[in-house]
2 protein chains.
Amino acid sequence: MSGTNTHVPAVLAHELPNPVPRDELAACPVNDLFRRIGDKWSMLLVIMLGKRRYRYNELHRSIEGISQRMLTRTLRDLENDGLVRREVFPTVPPSVEYSLTPLGESLLEPLSALAEWAVRNSPVTAAPRP
Amino acid sequence: MSGTNTHVPAVLAHELPNPVPRDELAACPVNDLFRRIGDKWSMLLVIMLGKRRYRYNELHRSIEGISQRMLTRTLRDLENDGLVRREVFPTVPPSVEYSLTPLGESLLEPLSALAEWAVRNSPVTAAPRP
DNA sequence: CAGGATCCTGGATGATACTG
DNA sequence: CAGTATCATCCAGGATCCTG
């Protein structure tokens, strides 16, 4: 992380064109990242897999409220994004293990900065939205 | 705690109960933060207001594709979350200026860590999703 | 066990028109 | 200028049933 902080990172401080075109918006790595892991379950899965590897039904049982459909879809997306590794063991019945890739592990670090901020300011931002 | 974990933040490394109950999920500051700024426009607005203060229509013109409805709603939400300050000047016609609160400014910092990660790994994660 | 296939709904977002 | 109000739309996500 940056010791001497230039608050705004280069990509963000970088002059935004005026008006900000839709393509530019879609191309922004930060917005892109958020669109990928900003959904309902991605973050939680990255966090859980950051602790240890899990099997499919293990995740399904562990996360109350997630549907099979969404668990599968989210894992597939994370896999396509290179954050999660899926390993199939040809046993009978089959078993599949999920874990973080090195890229996924590396994401935990900047996530921690955001997490710490969120924790530190949770009293402030805890107010429910209308 | 089951181990020494350098990169996983306390709140994340913290033992997740099994199964993870919905309340716990909703109460997680990180998930909560993402639910607040993880929408389509919040991030961009925080970033833009991190550079300078803007007036309403100035934002409207600057951000191609945003509707008045969403601009207003997003600004209101950010204001309620204490990230954005709204100042009304009783001129005729009225003018309203938006800027970041100190809290909003402080968010730019951890955001930068995430942004740097996103930029550094954008080639990897740039693959379009199906 | 680890999914795939379908159907369906609510909430997020957009479009448009109007106003103090 | 800075919004509000209303209607329309779209899709993430859930529920359910099925299978190699």
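None of the values given here were measured: they were computed from a predicted structure. Just so it is clear: chains get the letters A, B, ... in the order the sequence lines come, proteins before strands, and each one is counted from 1.
Scanning for side chain to side chain donor-acceptor pair (under 3.5 Å) contacts around A/Glu97 gives A/Arg53, with sequence neighbours left out. In this structure, the side-chain contact (heavy atoms from CB on, under 4.5 Å) partners of A/Arg61, at least two apart in sequence or on a different chain, are A/Asn57, A/Glu58.
Put simply, CZ on B/Phe89 is 17 Å from C1' on D/dG3, counting in whole angstrom units. Atom-to-atom, CG of B/Asp77 to C1' of C/dT13 comes out at 13 Å; the value is rounded to the nearest Å. Taking atom CD1 of B/Ile63 as the reference point, atom P of C/dT13 lies 13 Å away to the nearest angstrom. Nucleotide C/dG11 holds its P atom 11 Å from the NZ atom of A/Lys40, rounded to whole Å. Separating the CZ atom of A/Arg35 from the P atom of C/dA12 is a distance of 17 Å, rounded to the nearest angstrom. The interatomic distance linking B/Ile66 (CD1) with C/dA12 (C1') rounds to 13 Å, in whole Å. Protein atom CZ of B/Arg36 is 13 Å distant from nucleotide atom P of C/dA12, rounded to whole Å. Taking atom CG on B/Asn31 and atom P on D/dG13, their separation rounds to 12 Å, with Å as the unit.
Residues B/Leu71 and B/Val88 fall within the same hydrophobic cluster, defined by Ile, Leu, Val, Met, Phe, Trp and Tyr side chains chained together at heavy-atom separations under 4.5 Å.
Here B/Ile63 contributes atom CD1 and B/Met48 contributes atom CE; the two are 4.5 Å apart, rounded to the nearest 0.5 Å. Between B/Arg76 atom CZ and B/Arg86 atom CZ the span is 4.0 Å, to the nearest 0.5 Å.
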Write out a two-atom table: protein N or O, nucleotide N or O from nucleotides 2-6 of chain C, distance below 3.5 Å.
residue	atom	partner	partner atom	Å
C/dA2	OP1	A/Arg55	NE	3.1
C/dA2	OP1	A/Arg55	NH2	3.3
C/dA2	OP1	A/Val96	N	3.2
C/dA2	OP2	A/Asn57	N	2.9
C/dG3	OP1	A/Arg76	NH2	3.2
C/dG3	OP1	A/Arg86	NE	3.3
C/dG3	OP1	A/Arg86	NH2	2.5
C/dG3	OP2	A/Tyr98	OH	2.5
C/dG3	N7	A/Gln68	OE1	3.1
C/dG3	N7	A/Gln68	NE2	3.3
C/dG3	O6	A/Gln68	OE1	3.1
C/dG4	OP1	A/Arg76	NH2	3.2
C/dG4	O6	A/Gln68	OE1	3.3

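No option in B/Leu59, B/Leu44, B/Leu45 other than B/Leu45 meets the side chain to side chain contact (heavy atoms under 4.5 Å, CB included) test with B/Thr74.
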